[in-house]
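No experiment lies behind these values; they were computed from the predicted model shown. Positions are given from 1, in the same order as the sequence printed here.
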Amino acid sequence: MSDVKISILKDNKVSVKSNQRINEVAYFLQSMFSMDGSIHDFTISYQDYLQKKDDFFFYLDNSDIAYEIDNILSGLTDEVPRYDTDKDKPHISEDKIQEKISSEGFTRKLTDNQRRNLSAMCRLKCTADFSVPGAGKTTEAIAFYLYHRKNKSDKLLVISPINAFKSWTDELKECLTDNNDMVRLRGNADEIEGLLNNSQENFFITNFNTLWNPDKHKVIENFLIKNPDITIAIDESHKMKGNPDSSRTAHELLKLAPLSKCKIIMTGTPMPQGEEDLTSQFNFLYPSEHLRLGDNFIDKFQSIYVRTKKDDLGLYPINFSAPHLIKPYPAFEYFYQDFILKPYKGMQLHEIMQVSSFKKAVLKLLNVMSNPSHYLEIFATIDSGLYKGIKEEGHGAKFDLCLKRIEEIVEAKEKVLVWTSFSYPLQELSNELNDLGIGNVAIKGGMPSSNQTEDHEEDSEKDLLTREKAITQFQTDPECMVMIANPGAAAESMSLHKVCDRAIYLDRTFNASHYLQSQDRIHRLIEKEKERKKTIEIIQLDTKGSLDFRVDHRLTEKINYMGKFLNDSSLENLKSFRNRDSVAEDGQVDDDLNESNIFNL
């Protein structure tokens with residue numbers, strides 16, 4: 001007869017019921033687990049159980065305490081992959097993989113790079129694909145799922161930005177012979193539960209913010225418990241970067257991690273801020289390891305990730321034109337030098353910018369540099385003459401140069417993609433182009449806001465359709481010559497490389513992921529005979545202490561560091577736009593920047 005009975009509950013908790021013998025190890029258990037209940041009848045989280053069960057059983061065995069684990073819980077834990085045993089597994093032959101996925105209905109012709117990647121990925125149940133955009137990560141993920149699928153009813157759950165839904169739907173149809181649909185898990189908790197339980201499809205997709213809702217999260221948890229052989233694919237997995245105590249996305253995804261034995265994470269920019277960005281991504285793949293900040297994740301990842309680099313694709317390198325260094329107009333130059341670089345009346349930057357924190361002030365200053373006319377109240381508060389001067393200068397030097405470059409490119413009958421991180425200059429550019437009779441579309445969602453703690457992408461179905469319509473119009477309408485977008489809304493899952501060869505950055509933030517991925521909207525794999533040179537232009541305000549120079553310097557550092565981790569020289573050698581003769585949780589502003597160093601290089 002067992003002294004301890006251990007079972008899984010519907011709410012993703014593990015129940016531990018015992019007789020008096022448990023008292024012999026009570027001290028160890030109470031120090032080990034965060035218990036809810038008494039020592040003889042308590043519950044713990046499944047993740048806590050998974051991470052500490054080996055120690056738990058050691059104490060029970062060492063005291064000759066008999067225990068019994070219910071079949072459902074045993075089924076969940078018996079096949080949980082372990083990093084130490086996975087990392088040295090041999091590669092699977094390409095022929096064996098092709099034979100298995102073909103038998104599952106996969107018909108797409110794989111590239112040499114994809115076959116190589118799958119040979120490494122399929123030896124594992126938990127893996128990472130850090131290939132560049134356009135290399136075919138979605139195709140590889142579908143093949144990875146099919147290779148590990150035990151029977152025809154096993155499911156694939158994709159968790160991605162909402163703007164990736166269309167790409168997954170399209171790629172699924174390209175990969176499989178059967179008429180499979182990607183079911184979008186949208187709506188309230190009851191509607192999502194109905195889709196999961198009643199659909200005959202095997203493919204489901206939802207977005208990160210769905211998991212923020214406790215009721216929806218619980219529905220998905222229960223679905224995973226009922227379907228232990230499900231595969232989870234996290235698209236743009238860098239969005240779970242950060243400490244789960246402060247990152248909501250990381251926290252919610254890590255609660256799901258122990259419920260799946262087969263997982264793949266996907267991103268071309270796994271560590272946009274630094275090595276710590278890998279923490280939650282690794283712990284999602286191997287939740288029983290429970291590594292912490294400070295552990296060497298770079299070494300840990302080396303044996304479990306694949307990457308197709310741009311050099312592997314044979315793409316022409318991007319032509320980074322010399323930066324457009326534009327002097328500010330006189331009134332704005334006076335404002336920047338005498339009120340920003342020299343604290344006005346002892347005021348701190350956030351007080352001058354009329355916001356509540358330093359990070360918000362930095363973002364607002366970048367915004368003001370792109371279009372000062374929208375923030376006349378700032379200048380009016382400081383000085384009436386300054387207000388008048390800024391107002392007479394209109395949209396500002398950067399904005400006017402950007403508009404001029406757009407006109408010149410369109411006059412040459414070329415389409416152009418314009419990037420800005422802020423909503424007002426985006427809308428004003430669109431208005432000015434409309435007045436000039438230049439056809440354009442704008443994609444606005446995901447703007448960094450002053451009260452936002454993480455990348456936000458909870459768009460409505462109407463917003464999603466509007467975005468897809470705008471992309472299609474730019475791709476197919478010969479009269480639509482300009483797309484204006486912000487990286488928060490359009491840096492991912494948008495392919496414009498077939499119709500557009502030029503991009504202009506009105507501004508950039510400190511978010512390296514947004515910057516790298518936005519480049520790849522026009523620089524992706526295409527048939528060699530159709531490939532054309534791609535040109536990127538950066539507009540920078542050329543003044544002493546320009547925040548644009550600080551942004552460029554930090555982006556270059558981050559990109560080089562990530563290039564070393566990924567062994568990708570195309571990142572390490574990415575051209576810096578810094579003028580060498582010039583002296584956010586969301587990743588928009590770096591944590592170590594402050595009033596004393598923000599304007600100094």
Side-chain angles (χ1 to χ4, degrees), residues 128 130-133 236-243 246-247 249-250 265-282 293-294 296-299 301-302 305 307 309-310 317-318 320 323 358-359 362-363 365-366 419 421 446 448 454-455 486-488 491-492 503 505 507-521 523 536 538 540 546-580 584-594 597-601:
F130 294 155
S131 298
V132 298
E236 306 301 350
S237 61
H238 60 271
K239 289 186 177 293
M240 72 169 89
K241 66 182 184 292
N243 190 320
S246 57
S247 168
T249 298
I265 60 173
M266 308 154 61
T267 176
T269 53
M271 43 185 288
Q273 295 292 96
E275 181 181 347
E276 64 276 7
D277 295 343
L278 299 172
T279 309
S280 291
Q281 296 180 75
F282 184 90
L293 288 174
N296 195 333
F297 289 95
I298 288 183
D299 285 348
F301 261 108
Q302 292 301 323
Y305 87 85
R307 178 173 175 85
K309 298 174 281 192
K310 287 192 174 182
I318 294 175
F320 292 107
F358 172 74
K359 283 192 174 185
V362 172
L363 281 177
L365 180 56
L366 287 169
W419 293 106
S421 294
E454 298 193 47
D455 289 341
N486 85 291
E492 303 159 350
Y505 287 82
D507 49 61
R508 297 175 294 169
T509 71
F510 292 90
N511 191 313
S513 175
H514 281 175
Y515 175 51
L516 287 173
Q517 294 194 329
S518 62
Q519 291 180 26
D520 292 324
R521 298 314 98 204
H523 191 232
I536 286 178
I538 305 289
Q540 293 180 328
S546 175
L547 189 53
D548 283 338
F549 299 154
R550 165 58 79 182
V551 168
D552 180 77
H553 179 73
R554 280 302 179 91
L555 288 176
T556 301
E557 286 182 334
K558 294 175 186 178
I559 292 165
N560 285 345
Y561 186 51
M562 183 161 59
K564 290 175 182 177
F565 162 58
L566 296 171
N567 191 29
D568 192 340
S569 60
S570 68
L571 291 177
E572 293 184 61
N573 297 327
L574 186 69
K575 184 178 177 66
S576 170
F577 296 101
R578 179 179 171 189
N579 178 8
R580 299 186 184 278
E585 174 67 24
D586 57 11
Q588 303 289 346
V589 181
D590 291 349
D591 288 336
D592 64 334
L593 294 176
N594 53 53
N597 64 18
I598 184 67
F599 300 112
N600 301 318
L601 288 180

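Using a 4.5 Å heavy-atom cutoff, the side chains of Y305 and P270 are not in contact. Counting only heavy atoms from C-beta outward, the side chains of Q517 and S513 approach each other to under 4.5 Å. Contact of the D520 side chain with the K310 side chain is registered, since non-hydrogen atoms from C-beta on lie closer than 4.5 Å. Within the 4.5 Å cutoff, no side-chain heavy atoms of K558 are placed close to those of M562. Side-chain contact between F130 and I265 is present, with at least one heavy-atom pair separated by less than 4.5 Å.
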Please walk me through it: do R521 and W419 pass side chain to side chain contact (heavy atoms under 4.5 Å, CB included)?
CA-CA 11 Å; R521 298 314 98 204; W419 293 106; 3.6 Å; yes
Would you please test M240 and D277 for side chain to side chain contact (heavy atoms under 4.5 Å, CB included) and show each step?
CA-CA 8 Å; M240 72 169 89; D277 295 343; over 6 Å; no
Any chance you could lay out the side chain to side chain contact (heavy atoms under 4.5 Å, CB included) test for V132 and R307, step after step, and finish with the verdict?
CA-CA 7 Å; V132 298; R307 178 173 175 85; 3.4 Å; yes
From CA spacing to verdict: side chain to side chain contact (heavy atoms under 4.5 Å, CB included), L366, V551
CA-CA 10 Å; L366 287 169; V551 168; 4.1 Å; yes
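For the pair K239 and E236, the salt-bridge criterion is not met [side-chain N within less than 4.0 Å of a carboxylate O]. Salt-bridge check for D548 with R508: failed, with every basic side-chain N at 4.0 Å or more from each acidic carboxylate O.
To the nearest 0.5 Å, the span separating CD1 on I318 from CD on Q519 amounts to 4.5 Å. Put simply, CD on Q540 and OG on S546 are 6.5 Å apart, with the number rounded to the nearest 0.5 Å. Rounding to the nearest 0.5 angstrom, the gap separating the CD1 atom in I538 from the CG atom in D552 is 7.5 Å. Between the CG atom of N560 and the CZ atom of F565 there is a distance of 15.5 Å, given to the nearest 0.5 Å. The distance from atom CD1 of I559 to atom OG1 of T269, rounded to the nearest 0.5 Å, is 10.0 Å. To the nearest 0.5 Å, atom OG of residue S421 and atom NE2 of residue H514 are 8.0 Å apart.
Here Y515 and F510 keep their ring centres 6.0 angstrom or further from each other.
The aromatic rings of F301 and F282 sit perpendicular to each other, their planes meeting at more than 60°, with 30° as the lower class boundary.
Across all non-hydrogen atoms, the minimal contact from S237 to Q281 is OG-OE1, 2.8 Å.
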